[in-house]
Amino acid sequence: MSELVSFIIQDLKNSASAEKASFFPGFFKSLPGGYEEGDQFMGVVVPEQRKIAKTYFRDISLDETSEMLQNPFHEVRLTALMMLVYRFEKLKSESDRKEIVNFYLSHLQFVNNWDLVDSSCHQILGAFYHKKDKSLFYELADCGELWPQRVAMISSYHWIKKDDYADALRLAEKLKNHPHDLMHKAVGWMLREIGKRDFEVEYEFLKRHYSTMPRTALRYAIEKFPEDLRQDFLKGRV
């Protein structure tokens with residue numbers, strides 16, 4: 001382990017809470033039978049991880065970031081991803097940004113829980129591919145693995161925030177009937193974000209698909225709708 005990585009991990013340990021360390025395994029479903037069974041937790045809250053990431057992101061190398069991403073502790077991986085996002089956002093050249101994208105994709109197996117996905121993919125992959133070919137995301141959506149599929153869906157958040165909905169809607173249509181509720185939540189969340197910006201776009205999508213969508217995805221998607229319209233969707237009256 002490099003000296004810098006040792007310093008970062010020690011800072012994380014110094015910020016850890018025994019109470020959170022016992023709470024997180026249940027919350028993140030890492031107990032036996034959970035979707036991320038066996039993941040380990042120090043008990044560090046996200047604001048503390050962000051402080052530490054901001055302290056070190058300018059100094060850490062990609063090799064050291066790789067070392068952190070392969071660490072068994074969840075907070076070490078999340079802090080590494082936060083540093084990667086901060087680094088990516090400071091870069092100006094296409095080649096430097098592409099290097100981070102390639103690194104991220106080569107370490108995708110370690111982006112292996114919903115918060116790790118949601119804290120990194122739209123800032124890196126979504127941002128880099130905004131005005132580029134999106135075939136990567138359809139490949140991820142078709143791969144049959146939960147976390148890369150969630151990466152495909154949540155990466156569209158960046159495009160949605162740029163009022164670019166086409167690929168987000170196609171990915172939502174492709175993934176809406178995924179067997180896992182974490183994908184139902186992801187699809188519903190992205191549809192809700194579209195609706196915040198253009199209600200008609202979300203409404204027209206839901207009108208076509210709501211009768212075949214999982215209930216969780218629909219509830220997430222219509223969360224901000226007026227109550228009477230919410231009930232119309234939930235009771236099949238649209």
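In this text, all values refer to a predicted model and were calculated from it rather than measured experimentally.
The side-chain tip of K134 points at the ring of W159 from less than 6.0 angstrom away and within 45° of straight on. A cation-pi arrangement is present between K161 and Y157 under the rule of less than 6.0 angstrom and at most 45 degrees off the ring axis.
The shortest heavy-atom contact between A80 and T65 is O-CG2, 4.0 Å. Nearest heavy atom pair, residue L175 against residue M183, reads CD1-CE, 3.6 Å. Considering all non-hydrogen atoms of both residues, E37 and P32 come closest at CD-CA, 3.5 Å. For the pair P72 and D39, the tightest heavy-atom approach, listed with the atom from each and the gap, is O-OD1, 3.4 Å. Pairing each heavy atom of Y203 with each of L229, the nearest pair is CE1-CD1, 4.2 Å.
Residues Y86 and R50 are in side-chain contact: their nearest non-hydrogen atoms beyond the backbone lie under 4.5 Å apart. Between I52 and M82 the shortest side-chain heavy-atom distance does not fall below 4.5 Å. Side-chain contact between D11 and T55 is absent, with no heavy-atom pair separated by less than 4.5 Å.
Checking side-chain atoms of R215 against main-chain N and O of L234 turns up a donor-acceptor pair under 3.5 Å. A donor-acceptor distance shorter than 3.5 angstrom exists from the side chain of Y210 to the backbone of V238, with no hydrogens or angles considered. At distances below 3.5 Å, at least one donor-acceptor pair connects side-chain atoms of E75 with backbone N or O atoms of M42.
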Report the C-alpha distance between R150 and D118 in whole Å, list the side-chain angles of each, state the deciding distance to 0.1 Å, and finish with yes or no for salt bridge (charged side-chain N to carboxylate O under 4.0 Å, His left out). CA-CA 8 Å; R150 189 170 171 109; D118 298 359; 2.7 Å; yes
Could you go step by step and tell me if V5 and V76 meet the side chain to side chain contact (heavy atoms under 4.5 Å, CB included) rule? CA-CA 9 Å; V5 170; V76 178; 5.8 Å; no
Go through I154 and C121 one step at a time and tell me if the side chain to side chain contact (heavy atoms under 4.5 Å, CB included) criterion holds. CA-CA 7 Å; I154 302 299; C121 69; 3.7 Å; yes
Verify side chain to side chain contact (heavy atoms under 4.5 Å, CB included) between L171 and V187, making sure each step is shown before the conclusion. CA-CA 8 Å; L171 287 163; V187 167; over 6 Å; no
Start with the C-alpha distance between F24 and H74, add both sets of side-chain angles, then the distance that settles ring pair (Phe, Tyr, Trp, His ring centres under 6.0 Å), and finish with yes or no. CA-CA 10 Å; F24 285 157; H74 187 100; 7.8 Å; no
Given K196 and I160, is the side chain to side chain contact (heavy atoms under 4.5 Å, CB included) satisfied, shown in steps? CA-CA 10 Å; K196 285 181 186 177; I160 292 167; over 6 Å; no
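Taking the six-membered ring where tryptophan is involved, the planes of F110 and H107 are tilted, since the angle between them lies from 30° to 60°. Ring geometry, F41 versus F28: the interplanar angle falls under 30°, so the pair is classed parallel (tilted spans 30 to 60°). H130 and H158 have perpendicular rings, their planes meeting at more than 60° on a 0 to 90° scale where under 30° would count as parallel.
At a cut-off of 3.5 Å, with distance as the only test, a side-chain donor of S66 or Q70 sits close to an acceptor on the other residue. Under the 3.5 Å distance criterion, with hydrogens and angles disregarded, no donor-acceptor pair is assigned to the side chains of N71 and E67. A donor-acceptor contact closer than 3.5 angstrom is absent between the side chains of R77 and N113. A donor-acceptor pair shorter than 3.5 Å can be found between the side chains of Y104 and S120. Side-chain N/O atoms of D63 and S61 include no donor and acceptor closer than 3.5 Å. In summary, the side chains of E145 and Q149 do not present any donor paired with an acceptor at a separation below 3.5 Å, with no hydrogens or angles considered.
Just one residue in the list D163, L206, I194 forms a side-chain contact (heavy atoms from CB on, under 4.5 Å) with V201, and that residue is I194.
E200 pairs by the salt bridge (charged side-chain N to carboxylate O under 4.0 Å, His left out) definition with nothing, not counting sequence neighbours.
Ion pairing between a basic and an acidic side chain is recognised when a charged N comes within 4.0 Å of a carboxylate O; R230 and E227 show such pairing. Salt-bridge check for D142 with K174: passed, with a basic side-chain N closer than 4.0 Å to an acidic carboxylate O.
At most 12 heavy atoms of other shown residues, nucleotides or ligands fall within 6.0 angstrom of atom NZ in K162. No more than 12 heavy atoms of other residues, nucleotides or ligands shown are found within 6.0 angstrom of CZ on F7. Within a 6.0 Å sphere centred on CD of E3, heavy atoms belonging to other residues, nucleotides or ligands number 12 at most. At most 12 non-hydrogen atoms from other residues, nucleotides or ligands lie less than 6.0 angstrom from CD of E19. At most 12 heavy atoms of other shown residues, nucleotides or ligands fall within 6.0 angstrom of atom OH in Y220.
Counting only residues at least two apart or in different chains, salt bridge (charged side-chain N to carboxylate O under 4.0 Å, His left out) contacts with residues 94-112 comprise E94-K132.
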